[in-house]
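Worksheet: the structure to be examined is printed underneath.
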Amino acid sequence: MFDLTLTFDNGPEPGVTSRVLDILRERGIKATFFVIGEKLVDGERRKLAARAHDEGHWIGNHTFTHSVPLGQQHDAETAQEEIGRTQAAIGDLAHTERWFRPFGGGGNLDTRLLKPSVVDYLRRNKHACVLWNAIPRDWDDPDGWAERALEQCRAQPWSLMVLHDLPTGAMDHLERFLDRLSESGARIRQDFPPDCVPIRAGEIVRPIEQYVSSIEESVEP
């Protein structure tokens, strides 16, 4: 018996997110969608985020551009440009906990994730920082990720898994993965393992030093 929290990053994407939502609805599963801010400018994509919200899924912030990990950006305005703009785009779809997930350029949990000014921004704006402990690299292996995901789940009592609602073909295997989970007796839940949320409501509640770079920031004259 093990627990699993499902999250989907980098959407919403027409033709993919809608199918993921169909599959989750059929099974009565609630998840969290960490969205890219610039995608919400598109009306069709925003409607998908709104549908997810209306069906009981949580909407989280996964930066505006998803281009360079925040811990590697030298711009002093990184937090506002990447987090603030996305939160504004999410608007009334946002969860009250103001979930934010950084990215590490390939699922890395290291100093690429954050930098001091980003941590300060998260604290001032009462965000929660949501990491992960299971990442089966579905973007890298769209046909083989499901078996690896099951192995990761079985290896620990509570997994917070990152999947991607992107047009890679990986989500074609989501139903099979969920069926295998059910056969294994897994309990799927929506909340997050405490160890994966080092900042909650703007308060640092777990050590974060390993996720924060010491990058020097530049200010335009």
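These values consider heavy atoms only, across backbone and side chains, with no hydrogens, waters or symmetry-generated copies. Computed from a predicted structure; not experimentally measured.
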TODO: Considering non-hydrogen atoms only, spot the tightest contact between V68 and Q72 and give its length.
DONE: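 For V68 versus Q72, the nearest heavy atoms are CG1-CB, 4.0 Å.
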
Tell me the closest heavy-atom pair linking P69 and R112, and the distance in Å.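 That would be CB-O, 3.2 Å.
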
Item to check | Sequence neighbours excluded - ring-ring contact (aromatic ring centres under 6.0 Å, His included) pairs with any residue from residues 151-172 | outcome: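 ring-ring contact (aromatic ring centres under 6.0 Å, His included) check on residues 151-172 returns W139-H164.
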
I would like to know whether Q210 and D110 meet side chain to side chain contact (heavy atoms under 4.5 Å, CB included); could you show each step before the answer?
CA-CA 6 Å; Q210 70 200 81; D110 57 26; over 6 Å; no

Go through the steps for D54 and K47 under the test salt bridge (Lys or Arg N to Asp or Glu O under 4.0 Å), then give the verdict.
CA-CA 10 Å; D54 292 346; K47 286 179 181 178; over 6 Å; no

**OP:** Evaluate the side-chain proximity of P14 to L48: yes if any heavy-atom separation is below 4.5 Å, no if none is.
**Re:**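 The answer is yes, as the side chains (C-beta and beyond) meet within the 4.5 Å cut-off.
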
- Query: Can you list the residues that meet the ring pair (Phe, Tyr, Trp, His ring centres under 6.0 Å) rule with F192, with sequence neighbours excluded?
  - Reply: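 Listed in chain order: W58, W99.
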
| message | Holding to ring pair (Phe, Tyr, Trp, His ring centres under 6.0 Å), I want the full list of residues that pass it with H57, two or more places apart in sequence or in another chain. | response |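 Ring pair (Phe, Tyr, Trp, His ring centres under 6.0 Å) check on H57 returns F33.
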
Assess the side chains of [X] and [Y]: does a donor N or O sit below 3.5 Å from an acceptor N or O?
X    : Y    : result
R101 : T63  : no
E81  : T78  : no
S117 : E217 : yes

| query | For D143, which residues count as a salt bridge (charged side-chain N to carboxylate O under 4.0 Å, His left out) partner, sequence neighbours excluded? | reply |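 Testing D143 for salt bridge (charged side-chain N to carboxylate O under 4.0 Å, His left out), a comparison that skips the adjacent residues, returns none.
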
Report task. Applying salt bridge (charged side-chain N to carboxylate O under 4.0 Å, His left out), name anything that partners R187, two or more places apart in sequence or on another chain. Result ->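 So R187 forms a salt bridge (charged side-chain N to carboxylate O under 4.0 Å, His left out) with D3.
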
Are the charged groups of [X] and [Y] less than 4.0 angstrom apart, N to O?
X   : Y   : value
R51 : D22 : yes
R19 : E26 : yes
D92 : R46 : yes

Requested in this report: Identify which one of R98, H95, R85, Q87 satisfies the side chain to side chain donor-acceptor pair (under 3.5 Å) criterion when paired with N61.
Outcome: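 That would be Q87; it is the only one of R98, H95, R85, Q87 passing the side chain to side chain donor-acceptor pair (under 3.5 Å) with N61.
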
| message | Test your reading of the model: is there a side-chain donor-acceptor pair from T5 to the backbone of D191, 3.5 Å cut-off? | response |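 Present.
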
| said: Check whether E175 reaches the backbone of I23 with its side chain - one donor and one acceptor, N or O, closer than 3.5 Å. | reply: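 No, E175 side chain to I23 backbone: no donor-acceptor pair under 3.5 Å.
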
For H127 and Y121, take the angle between the two ring planes, folded into 0 to 90°, and tell me which bin it lands in: parallel under 30, tilted 30 to 60, perpendicular over 60.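 Parallel.
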
For K30, look at atom NZ and say whether over 12 heavy atoms of other residues, nucleotides or ligands are found less than 6.0 Å away.
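Yes, enclosed.
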
Check: Should we count CD of E55 as having more than 12 external heavy atoms under 6.0 Å?
Finding: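 Enclosed: over 12 neighbouring heavy atoms sit under 6.0 Å from CD of E55.
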
Cluster question for you: counting only ILVMFWY and a side-chain heavy-atom cut-off of under 4.5 Å, with indirect links fine, are [X] and [Y] together?
X    : Y    : value
L122 : V35  : no
I208 : I215 : no
L131 : I204 : yes
I29  : F2   : yes

Q: Kindly write out the residues that satisfy side-chain hydrogen bond (donor to acceptor under 3.5 Å, both in side chains) with K39, not counting sequence neighbours, or none if the list is empty.
A: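 Residues passing side-chain hydrogen bond (donor to acceptor under 3.5 Å, both in side chains) with K39: E13.
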
